[in-house]
*Asks:* 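Can you keep this structure in mind? I'll have questions shortly.
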Amino acid sequence: MFKPLKKISLLSIIAIMALTGCTSGSKPAAEPKPEETEFKVSTEPVTLKFYVNVTRLSPLEYNTFFVEPIKKKYPHITLEKVEGDLEKLIVAGQTPDLIFSDNDWHMPLVSLDLPADLTDLVKKSKLDLGKFVPETIQAIRNLDPNGKELQGIPFSRNTGVLFYNKDIFDKFGVPYPKDGMLWSEVLDLSRKLTRMEDGVQYIGFDPRFPDHMISQYSQPFVDPKTNKALVDIPLYHKILEVFRANYDQPGVVNGTSYAYADGTFIKEKRLAMQPDWASKIMSDLLQAEADGLAPNWDMVTNPTFEDKVGKGRHALADMLVITKGSKYKEQAMQVIELLTSSEMQMLISKHSRITVLNDPEIIKAFGSENPSLKNKNTAAIFKYPSSPTPTPNKYDKEVQTLIRNMRKDMALDKKDINTVLRETQAAADKKIADLMKQQ
């Protein structure tokens, strides 16, 4: 029983000797050799398989932000973009080393046991997590229920905005949208713009998805205590009232068409307003600009309900994930270090993506070297602070899919809101129960 005390005493003596060594004439302890602390990685040629998981990354962005900088800094590292169904790639022995994803679509990666814990790599490389916008790191830490693992590093972040086609507003003599609009005001504008003209059916507004609209409330999909879906709740009733009002406009539901999104907004140029994630749609818009196919567009702040005025959508971080099975984790970490450096983040900010660094100068530079963003209301991207990100659940995507299906139930099947919520709640609970039985 006395052995632990002896150890403590010995440690105390050693500590005192270390503290008093410089005053007793002895030489100071030698500094650790650089090779003992420096993050040294082999420079042998390697190929990192790179996969884009749902998140938007146009060919222009891929080359500008990834391929060219990596080739310049690390000529021995080759980035090979792999595409297709992720599960099939894994079966075929083509598991990516590095995945570009976001915190909303992380749980499917967890279900495949792909994300590595980057905690040790962060320490070895001395990557300063304090330089990032805090909510981006917190959003990623939320992905681990125990709050211990860090399963990704943020690359860029996302906020919600309302995109609009100026030409459609001009065509019908309707004033442009403004920052700070309510959903009810967007609907009022939509009623003036949804019309048939010269054989073209113009759509005033596509509200996108119910889970987008609920984002400002930080509402989870699943109750973690009961493993029951959170669908048939007053908040979704409130949100579906906006969808109902939109579908009631003559021309919005046309045959089997009721959801329009970026294809109708960018390619067909007949959708007047689309609320969406800024980086996601700007990626497509700027690629269309490069191809000479973009509409005459601008943006304002994301619409809100009265009780969430001035609040943004939940924090969404585009992130870089290193996979557990990668043989080149350290090389992948070098790539992450490069892509999150001040130099690279300034580049992506000047071009089009929202920096993850908490650096006012980089934030201020947003879009400054992109002619396509000249005279655009880019301030709308930064006007509202992000709302907290709810803790994810492994059944989120199954419930989210059913929530998105409610649009069809209302638009095409003409079901009332109460029926849609009740049936979707039952279907979601059954889906979760079935999945739990399979475990």
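These values consider heavy atoms only, across backbone and side chains, with no hydrogens, waters or symmetry-generated copies.
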*Asks:* Would you mind listing every ring-ring contact (aromatic ring centres under 6.0 Å, His included) that reaches into residues 52-87, with sequence neighbours excluded?
*Replies:*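 Of all non-adjacent pairs touching residues 52-87, those that pass ring-ring contact (aromatic ring centres under 6.0 Å, His included) are F50-Y62, F50-F66, F65-H351, F66-F100, F66-F155, Y74-H76.
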*Asks:* Using side-chain heavy atoms (C-beta onward) and a distance below 4.5 Å, is I322 in contact with L121?
*Replies:* yes
*Asks:* Please report the C-alpha distance between Q274 and T264 in whole Å, then the side-chain angles of each, then the deciding distance to 0.1 Å, and finally whether the side chain to side chain contact (heavy atoms under 4.5 Å, CB included) criterion is met.
*Replies:* CA-CA 10 Å; Q274 178 180 335; T264 315; over 6 Å; no
*Asks:* For A290 versus L60, what's the shortest heavy-atom pair and its separation?
*Replies:* CB-CD2, 4.5 Å
*Asks:* Between E185 and L182 (side chain of the first, backbone of the second, donor and acceptor by atom type, cut-off under 3.5 Å), is there such a pair?
*Replies:*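 Checking the backbone N and O of L182 against the side chain of E185, a donor-acceptor pair under 3.5 Å is found.
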*Asks:* Parallel, tilted or perpendicular for F205 and W183, by the 30°/60° rule?
*Replies:*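 Tilted: the ring planes of F205 and W183 meet at 30° to 60°.
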*Asks:* Under the rule for salt bridge (charged side-chain N to carboxylate O under 4.0 Å, His left out), what residues qualify as partners of E398, not counting sequence neighbours?
*Replies:*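 By the salt bridge (charged side-chain N to carboxylate O under 4.0 Å, His left out) rule, E398 matches no residue at all.
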*Asks:* Verify, without hydrogens or angle tests, whether N63 (side chain) and V67 (backbone) share a donor-acceptor contact under 3.5 angstrom.
*Replies:*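 Here the side-chain-to-backbone pair does not exist.
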*Asks:* Does any non-hydrogen side-chain atom of F265 lie less than 4.5 Å from one of M273?
*Replies:* no
*Asks:* Under a 4.5 Å cut-off applied to non-hydrogen side-chain atoms, are K81 and E83 in contact?
*Replies:*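 Side chain of K81 against side chain of E83, heavy atoms only: contact under 4.5 Å found.
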*Asks:* What residues, two or more places apart in sequence or in another chain, satisfy ring pair (Phe, Tyr, Trp, His ring centres under 6.0 Å) together with Y258?
*Replies:*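 If we apply the ring pair (Phe, Tyr, Trp, His ring centres under 6.0 Å) test to Y258, skipping adjacent residues, there are no hits.
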*Asks:* Identify every side-chain donor-acceptor pair in residues 105-112 under 3.5 Å, counting partners at least two apart or on other chains, and give the distances.
*Replies:*
{"residue": "H106", "atom": "NE2", "partner": "Q151", "partner atom": "OE1", "Å": "2.7"}
{"residue": "S111", "atom": "OG", "partner": "P108", "partner atom": "O", "Å": "2.6"}

*Asks:* Between L285 and P295, what is the shortest heavy-atom contact and its length?
*Replies:* CD2-CD, 3.9 Å
*Asks:* Might you work through the side chain to side chain contact (heavy atoms under 4.5 Å, CB included) test for I77 and L48, ending with a clear yes or no?
*Replies:* CA-CA 7 Å; I77 297 177; L48 298 180; 3.7 Å; yes
*Asks:* Restricting to pairs with a member in residues 256-282, which pass salt bridge (charged side-chain N to carboxylate O under 4.0 Å, His left out), not counting sequence neighbours?
*Replies:*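 Listed by first then second residue: R56-D262, R208-D276, E268-R270, D276-K280.
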*Asks:* Considering residues at least two apart in sequence or located in another chain, which fulfil the ring pair (Phe, Tyr, Trp, His ring centres under 6.0 Å) criterion with Y164?
*Replies:* F169, Y176
*Asks:* Given the rule in the side chain to side chain contact (heavy atoms under 4.5 Å, CB included) test, do T55 and N158 qualify, once you have shown the distances and angles that lead to the verdict?
*Replies:* CA-CA 11 Å; T55 308; N158 230 328; over 6 Å; no
*Asks:* What is the minimum heavy-atom distance between A259 and R407, and which atoms define it?
*Replies:* CB-NH1, 3.5 Å
*Asks:* Residues in ring pair (Phe, Tyr, Trp, His ring centres under 6.0 Å) with Y202, at least two apart?
*Replies:*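 Partners of Y202 under the ring pair (Phe, Tyr, Trp, His ring centres under 6.0 Å) test: F172.
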*Asks:* Does NZ belonging to K238 count more than 12 external heavy atoms closer than 6.0 Å?
*Replies:* yes
*Asks:* Using 0.5 Å steps for rounding, measure from the NZ atom of K308 to the CD atom of Q216.
*Replies:* 8.0 Å
*Asks:* Spell out, as yes or no, whether a donor-acceptor pair under 3.5 Å connects the side chain of N246 to the backbone of D206.
*Replies:*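 Pair absent, no side-chain N/O of N246 close to backbone of D206.
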*Asks:* Strictly by ring-ring contact (aromatic ring centres under 6.0 Å, His included), give each pair with a member in residues 382-411 just once, sequence neighbours left out.
*Replies:*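 Of all non-adjacent pairs touching residues 382-411, those that pass ring-ring contact (aromatic ring centres under 6.0 Å, His included) are F366-F382.
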*Asks:* Taking side-chain hydrogen bond (donor to acceptor under 3.5 Å, both in side chains) as the cut-off, I'd like each qualifying pair that reaches into residues 311-336, sequence neighbours left out, listed once.
*Replies:* D97-S326, D104-H314, D113-K324, K124-E330, S156-D318, S215-H314, D318-R353
*Asks:* In chain order, what residues pass the side chain to side chain contact (heavy atoms under 4.5 Å, CB included) check against D85, with sequence neighbours excluded?
*Replies:* E87, K88
*Asks:* Are more than 12 heavy atoms, taken from residues, nucleotides or ligands other than K376, located less than 6.0 Å from that residue's NZ atom?
*Replies:*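 Atom NZ in K376 is crowded, with more than 12 foreign heavy atoms closer than 6.0 Å.
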*Asks:* Evaluate salt bridge (charged side-chain N to carboxylate O under 4.0 Å, His left out) for R404 paired with D211, printing each intermediate quantity in order.
*Replies:* CA-CA 7 Å; R404 293 185 172 188; D211 53 283; 2.9 Å; yes
*Asks:* For residues A315 and N103, report the shortest heavy-atom separation together with the two atoms involved.
*Replies:*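 A315 and N103 have their closest heavy atoms at O-ND2, 3.2 Å.
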*Asks:* Who passes side chain to side chain contact (heavy atoms under 4.5 Å, CB included) against P220, sequence neighbours left out?
*Replies:*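 Scan of P220 (side chain to side chain contact (heavy atoms under 4.5 Å, CB included), adjacent residues dropped) gives L230, P390.
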*Asks:* List the atom of I266, the atom of A288, and the distance in Å for their closest heavy-atom pair.
*Replies:* CG2-CB, 3.8 Å
*Asks:* What verdict does the side chain to side chain contact (heavy atoms under 4.5 Å, CB included) test give for Q345 and L339, after you've listed the backbone C-alpha separation in whole Å, the side-chain angles of each residue and the deciding distance to 0.1 Å?
*Replies:* CA-CA 7 Å; Q345 287 290 305; L339 299 179; 5.7 Å; no
*Asks:* Work out which heavy atom in A272 is nearest to a heavy atom in L193; give both atom names and the distance.
*Replies:*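 Smallest interatomic distance, heavy atoms only, reads CB-CD1, 3.8 Å.
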*Asks:* Of all residues at least two apart in sequence or in a different chain, which pass the side chain to side chain contact (heavy atoms under 4.5 Å, CB included) check with A229?
*Replies:*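 Here the qualifying residues are V231, V399, Q425, A428, D429, I432.
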*Asks:* Do side-chain atoms of T194 reach the backbone of V252 as a donor and acceptor pair under 3.5 angstrom?
*Replies:* no
*Asks:* Using 4.0 Å as the upper bound for N to carboxylate O, is an ion pair formed by D167 and K171?
*Replies:*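 The answer is no: the pair does not qualify as a salt bridge.
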*Asks:* Please test T389 against Q138 for side chain to side chain donor-acceptor pair (under 3.5 Å), starting from the C-alpha separation and ending with a verdict.
*Replies:* CA-CA 8 Å; T389 301; Q138 189 56 51; over 6 Å; no
*Asks:* Side chains of N165 and N296: do they bring a donor and an acceptor to under 3.5 Å?
*Replies:*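 N296 and N165 do not have a side-chain donor-acceptor pair below 3.5 Å.
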